[in-house]
Amino acid sequence: MQVNNSFSINNITPPVIAPVKTAESIEKERVQTSVFLPVEELNSTAPRTATQNQPNVAEQQSLDRDQALQARNLRVNQDQQQDQPNSQDTSQQEQQQEQQEIQQLAQRDQEVKAHEQAHQAVGGQFAGAAQFQFIRGPNGVPYAVSGEVSIDISPVPGSPEATIAKAQQIRRAALAPAEPSAQDRIVAAKASQLELQARQALASTQEKQLTTNQEQRSTLVKEENKEKEEDKKEESDDDANRAQLAERNRRNLSVYEQFIELGLIKSQVDKGIDLST
């Protein structure tokens, strides 16, 4: 609010009678003392003449106007003095609020970045790059207020063992921050479900492999038993053949002995003839 502190005073012609104070003397005293003098009361018995015993009307109006302006200026100065501390207090409060907001934004920025970096560090090859959402503070500096890290929770094709290891790493990455969010816990739950499915697939594969191994062992045992039976049969056949051969040799020997007794094969024996066949 702009206030105009200047004002004007009308020039008044002094009265002719000497005992009565003139407007010039009154104005001079007002300037020297900065205090307006009260209008002198006139004797009620004195003659009421405009030029001798009563102040000029224009002079009285000027004095009243000067007093009103002075009182107004005094009130304005007092209001300004009261408004100045209030203005300073308001400015200080605004600065304190801005500083507090900056501190809160800086703390939030640090928490968000530490949170996402924990995901990345543990997630390793399965975690993507961190992405942040920023707002600009009162000081013009951008601060991160939220962020996210993408992570791959798909199974490893054809390898339940690798899928189990991957799911365990993803769960550790989701719960790595000091205060996991609700979304982090959802990802951890999905990783646990992925691990369970991989373990079920692994158990099924192991069961099938065990069945296959048992069938293969059973086939081998059967083949081995068959070979043993064939070997036994061959050995039995060999025994029979040997028995037959021995019997044949015995008979041949008996005939040979008879021929020797009869003297029919002496010359043949001397010549080395083999009669065993």
Side-chain angles (χ1 to χ4, degrees), residues 1-5 73-207:
M1 180 178 60
Q2 294 181 349
V3 179
N4 187 3
N5 294 328
N73 292 337
L74 180 60
R75 289 194 301 271
V76 169
N77 291 334
Q78 292 176 350
D79 292 340
Q80 289 180 348
Q81 291 177 358
Q82 293 177 356
D83 291 342
Q84 186 174 3
N86 294 333
S87 176
Q88 291 178 354
D89 293 341
T90 302
S91 178
Q92 290 179 355
Q93 291 178 356
E94 291 177 351
Q95 291 178 358
Q96 291 177 354
Q97 291 177 354
E98 290 182 357
Q99 188 64 28
Q100 184 177 5
E101 182 179 357
I102 291 172
Q103 291 177 355
Q104 293 175 350
L105 288 173
Q107 182 178 359
R108 178 61 179 170
D109 179 271
Q110 183 178 1
E111 292 175 352
V112 168
K113 291 180 178 178
H115 185 102
E116 303 306 333
Q117 287 174 359
H119 286 319
Q120 277 188 304
V122 181
Q125 60 180 340
F126 306 119
Q131 297 180 353
F132 300 99
Q133 288 75 43
F134 296 91
I135 63 172
R136 193 172 299 278
N139 56 352
V141 177
Y143 295 95
V145 293
S146 63
E148 61 181 8
V149 171
S150 61
I151 195 162
D152 178 20
I153 59 172
S154 61
V156 179
S159 179
E161 296 90 343
T163 301
I164 292 173
K166 178 180 178 179
Q168 292 174 347
Q169 183 174 352
I170 291 173
R171 184 171 59 252
R172 290 194 302 270
L175 301 178
E179 297 181 359
S181 64
Q183 181 63 25
D184 295 339
R185 299 187 184 279
I186 291 175
V187 173
K190 290 183 177 179
S192 298
Q193 183 178 4
L194 177 64
E195 180 182 358
L196 178 60
Q197 294 174 351
R199 289 191 179 278
Q200 292 175 348
L202 179 60
S204 177
T205 301
Q206 290 176 345
E207 184 178 359

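All heavy atoms count here, side chains included; hydrogens, waters and symmetry mates do not.
Rounding to the nearest 0.5 Å places CZ of Arg108 at 9.0 Å from NE2 of His115. In this structure, CD in Gln100 is found 11.0 Å from CG in Leu105, a value given to the nearest 0.5 Å. Between the CD atom of Gln104 and the CD atom of Gln99 there is a distance of 11.0 Å, given to the nearest 0.5 Å. Expressed to the nearest 0.5 Å, how far CD1 of Ile151 lies from NZ of Lys166 amounts to 9.0 Å. In this structure, Ser181 OG and Ile186 CD1 are separated by 8.0 Å, a value rounded to the nearest 0.5 Å. Atom CD of Gln96 is separated from atom OG of Ser91 by 10.0 Å, given to the nearest 0.5 angstrom.
Listed by chain and number, the residues in a side chain to side chain contact (heavy atoms under 4.5 Å, CB included) with Ala162 are Val156, Ser159 (sequence neighbours excluded). Under the side-chain hydrogen bond (donor to acceptor under 3.5 Å, both in side chains) criterion, Thr205 pairs with no residue, sequence neighbours left out. Taking the side-chain hydrogen bond (donor to acceptor under 3.5 Å, both in side chains) definition, one finds that Glu111 meets it with Gln107, sequence neighbours left out. A search for salt bridge (Lys or Arg N to Asp or Glu O under 4.0 Å) contacts involving Lys113 returns Asp109, not counting sequence neighbours. Under the side-chain hydrogen bond (donor to acceptor under 3.5 Å, both in side chains) criterion, Arg199 pairs with Glu195, not counting sequence neighbours.
Counted within 6.0 Å of CD on Glu98, heavy atoms from surrounding residues, nucleotides or ligands total more than 12; the atom is thus considered enclosed.
Nearest heavy-atom pair, Ala129 versus Gln120, reported as atom, atom and distance to 0.1 Å: CA-NE2, 3.5 Å. Of all heavy-atom pairs between Ala167 and Ala191, the closest is CB-O, 3.3 Å. When all heavy atoms are compared, the tightest approach of Pro177 to Ala174 is CD-O, 3.7 Å. A pairwise comparison of heavy atoms in Ala118 and Ala176 identifies O-CB, 3.7 Å as the closest pair. Nearest heavy atom pair, residue Thr163 against residue Ala198, reads CG2-CB, 3.6 Å.
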Practice problem: Given side chain to side chain contact (heavy atoms under 4.5 Å, CB included), test Lys190 with Ile170 step by step and report yes or no. | Solution: CA-CA 9 Å; Lys190 290 183 177 179; Ile170 291 173; over 6 Å; no

Quiz item: Given the rule in the side chain to side chain contact (heavy atoms under 4.5 Å, CB included) test, do Asp184 and His119 qualify, once you have shown the distances and angles that lead to the verdict?
Solution: CA-CA 9 Å; Asp184 295 339; His119 286 319; 3.2 Å; yes

Could you tabulate the donor-acceptor pairs under 3.5 Å formed by side-chain atoms of residues 143-150, not counting sequence neighbours?
unit_1, atom_1, unit_2, atom_2, d
Tyr143, OH, Asn139, ND2, 3.0
Ser146, OG, Gln133, OE1, 2.7

